[in-house]
Amino acid sequence: MSSGGVLELSAAEAAAAISAGSLSPQELFEAYRERAQADRDAGAQGLNCFTWVAAEAPVAQPGDAPPSALTPAGVPLAVKDLFCTEGVPSQSGSRILEGYLPPYTASVVARLQAAGAPLLAKTNQDEFAMGSSNENSAYGPVRNPWDRGRVPGGSSGGSAAAVAAGLAPWALGTDTGGSIRQPAALCGIVGLKPTYGSVSRYGMIAFASSLDQAGPLTRDVRDAALMLAHMVGRDPCDATSLQFPHAITRPTSERLDGVRIGIPPELTGEGIEAGVLQAFSAAVARAQELGAEVQDVSLPHAPHALSAYYLIAPAEASSNLARFDGVRYGLRAEAAQELLEMYTRTRHDGFGPEVKRRIMLGTYALSSGYYDAYYGRAQRVRTRIAEDFARAFAEVDFILTPTAPTVAFALGEKTGDPLSMYLNDYCTVPMSLAGVPAISIPCGLSGGLPVGLQIAGPAFSENGLLDAAHALELAIGFDQGPARV
Ligand code: GLN
């Protein structure tokens, strides 16, 4: 197979070719490694997708590849920087963790490696996963391969851009309020946030623990299912992880007969760009053609989700980030006279402006006298939002919305206005607060840039969700990509 041909294969196709013996895993790894390394060597002239690239293909272990229809064996994996990887820099996009080499590997990465997927690279991200544009990374912004003057979305922007540009066959990301789905949408690929608790968080450098969830960024829906199948499961090292109630299967549906789809007016009207709404409506029409019954369904508290999220997430972050004090990991400010000064200087030098803003917000929201008015109230709103979804899913099987209110925007366009940046998460945050799974698939172009369709389902409905997404993906037939770099 030519090396160009190798790069065209989806992860599932590559895995099948490897298991049939028609493709060598070393050849596949080297083809991607070269491309990833070239992007890294190009520095700011490239897409800046990676913070680390493997030096060579790992030596294949005999018996590494169990022959099965659902094996990822031999398919190189790009991993968001915030997953701890033993002996490999894991910096969560922050200066405070520069050069940090963890002594262990995150459970989800270890699972994929044990299934035969070798570590290709670590991907650039917003600092501590705070952001929607990847402009908050201490290692420089990532560029969108569709238009290098635009952002790839965030915070898993390096993972999304790498997959969209064909620099990695697939990538692991994390989603706290939209960080897998929104960059997948802005880069024209598939991104899945699984049900909260279905994937172990052990070894993921924490942002907001009651929301953080790992998931796949892939070229198509089948690849998302393949990766997810090797991610889910209870982990004794993460008390919030659960045994997934059934095996993840390969999506095959081509129709949506009898499937009830709900459209929430709260997330499909005001604030969504006209071009995005157009592509969204066309996708809803496709769903109807496939046999789905489409109806309105209300999520009355969804408009309050962003306000609740921007109290809960910073509150949890302010607590999680207290551990970065110059004593235990990474950076330590020199020349401090005493301990408190060392803490303060380390945190002053090590954290970027968005992280500092969130620590201040979160600390304030949790402070005595304000706790009930802010954090307590936000938690009550969260409960209401979860109840909205429970009510909606008694009437419909899935909910459809646009993934992001706009297509990819210009670098620098929103950095001066945090509130307009936060609006990127308007459609994705409600599902995060409710803990339910949601997938973004490309559903068309607006002004030459990709638009994402979000499909959400009840907790643990991943198999049905992937099936519905697969049927829609086939019907939509989105086959464009950015020009190859
Ligand atoms: N953009 C959102 C934020 O900045 C979501 C980030 C995420 O999901 N990690 O918090």
Side-chain angles (χ1 to χ4, degrees), residues 79-83 92-94 123-137 141-142 151-160 171-187 191-194 196 199 201 204-217 305-318 320-321 351-362 365 378 382 403-406 408-409 413-415 417-440 452 454 456:
V79 171
K80 190 176 182 178
D81 191 21
L82 63 66
F83 290 91
S92 206
S94 184
T123 60
N124 200 350
Q125 61 164 90
D126 280 306
E127 186 175 7
F128 289 109
M130 298 175 189
S132 303
S133 68
N134 231 284
E135 292 165 292
N136 296 336
S137 169
V142 177
V151 304
S155 63
S156 310
S159 289
L172 205 48
T174 63
D175 191 310
T176 304
S179 277
I180 289 175
R181 291 162 284 163
Q182 184 257 11
L186 271 47
C187 288
L192 168 69
K193 181 200 88 75
Y196 181 79
V199 177
R201 289 181 296 106
M204 265 165 58
I205 298 169
F207 164 14
S209 308
S210 76
L211 297 155
D212 295 346
Q213 195 61 189
L217 290 118
L306 263 190
S307 317
Y309 173 86
Y310 276 99
L311 285 165
I312 293 168
E316 294 185 17
S318 72
N320 274 325
L321 269 51
F351 290 137
E354 182 62 25
V355 173
K356 287 178 181 153
R357 181 158 37 237
R358 305 247 185 144
I359 292 174
M360 286 190 283
L361 265 172
R382 183 177 189 170
T403 306
T406 69
F409 46 94
E413 189 180 321
K414 300 188 178 176
T415 40
D417 181 0
L419 290 184
S420 88
M421 189 69 93
Y422 296 170
L423 283 172
N424 271 290
D425 307 318
Y426 186 72
C427 298
T428 48
V429 152
M431 294 74 183
S432 299
L433 290 171
V436 299
I439 189 168
S440 178
Q454 177 174 233

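Each residue takes its place number in the sequence, starting with 1. Whatever order the structure lists ligands and atoms in, that order sets their numbers, starting from 1. Fair warning: this is a prediction, and the values are worked out from it, not measured in the lab.
Considering backbone and side-chain atoms alike, Thr176 places an N or O below 3.5 Å from some N or O of ligand 1.
Two residues are said to be in side-chain contact when any heavy atoms from C-beta on lie closer than 4.5 Å; Met421 and Glu135 meet this criterion.
Each of the following atoms of ligand 1 lies closer than 4.0 Å to a heavy atom of Ser155: 9 (N). With ligand atoms numbered from 1 in the order given, ligand 1 contributes 5 (C), 7 (C), 8 (O) to contacts under 4.0 Å with heavy atoms of Gly177. Residue-ligand proximity, Met130 to ligand 1, at heavy-atom distances under 4.0 Å covers atoms 4 (O).
At a heavy-atom distance under 4.0 Å, atoms from both the backbone and the side chain of Ala129 approach ligand 1. When non-hydrogen atoms are compared, ligand 1 lies under 4.0 Å from neither the backbone nor the side chain of Phe128. Contact annotation: for Phe207 versus ligand 1, heavy atoms closer than 4.0 Å belong to the side chain alone. In Asp425, the part holding a heavy atom less than 4.0 Å from any atom of ligand 1 is the side chain.
Checked by atom type and distance alone, the side chain of Asp81 never pairs as donor or acceptor with a backbone atom of Thr123 at under 3.5 Å. Side-chain atoms of Gln182 never come within 3.5 Å of backbone atoms of Thr428 as a donor-acceptor pair (strictly under, hydrogens ignored). At distances below 3.5 Å, not a single donor-acceptor pair connects side-chain atoms of Gln125 with backbone N or O atoms of Gly154. Remark: side-chain polar atoms of Ser155 are not paired, donor with acceptor, to backbone N or O of Asp126 under 3.5 angstrom. When atom types are taken as modelled, the side chain of Lys356 and the backbone of Phe351 share a donor-acceptor pair closer than 3.5 angstrom. Between the side chain of Thr176 and the backbone N or O of Leu211 there is no donor-acceptor pair closer than 3.5 Å.
For atom 3 (C) of ligand 1, the nearest protein heavy atom (residue, atom name, distance) is Tyr310 OH, 3.2 Å. Given atom 5 (C) of ligand 1, the protein heavy atom at minimum distance is Tyr309 OH, 3.3 Å. With hydrogens left out, the protein atom closest to atom 7 (C) of ligand 1 is Ser179 OG, 2.4 Å, a heavy atom.
Annotation for Gly191 and Arg181: closest pair O-CG, 4.0 Å, computed over non-hydrogen atoms.
Residue contact annotation: Arg358 has a non-hydrogen atom under 4.0 Å from ligand 1. Heavy-atom separations between Gly178 and ligand 1 include at least one value shorter than 4.0 Å. Distances from ligand 1 to the non-hydrogen atoms of Tyr422 include no value under 4.0 Å.
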In sequence, state the C-alpha distance, the side-chain angles, and the governing distance for Asn136 and Glu354, and then conclude on side chain to side chain donor-acceptor pair (under 3.5 Å).
CA-CA 7 Å; Asn136 296 336; Glu354 182 62 25; 4.7 Å; no
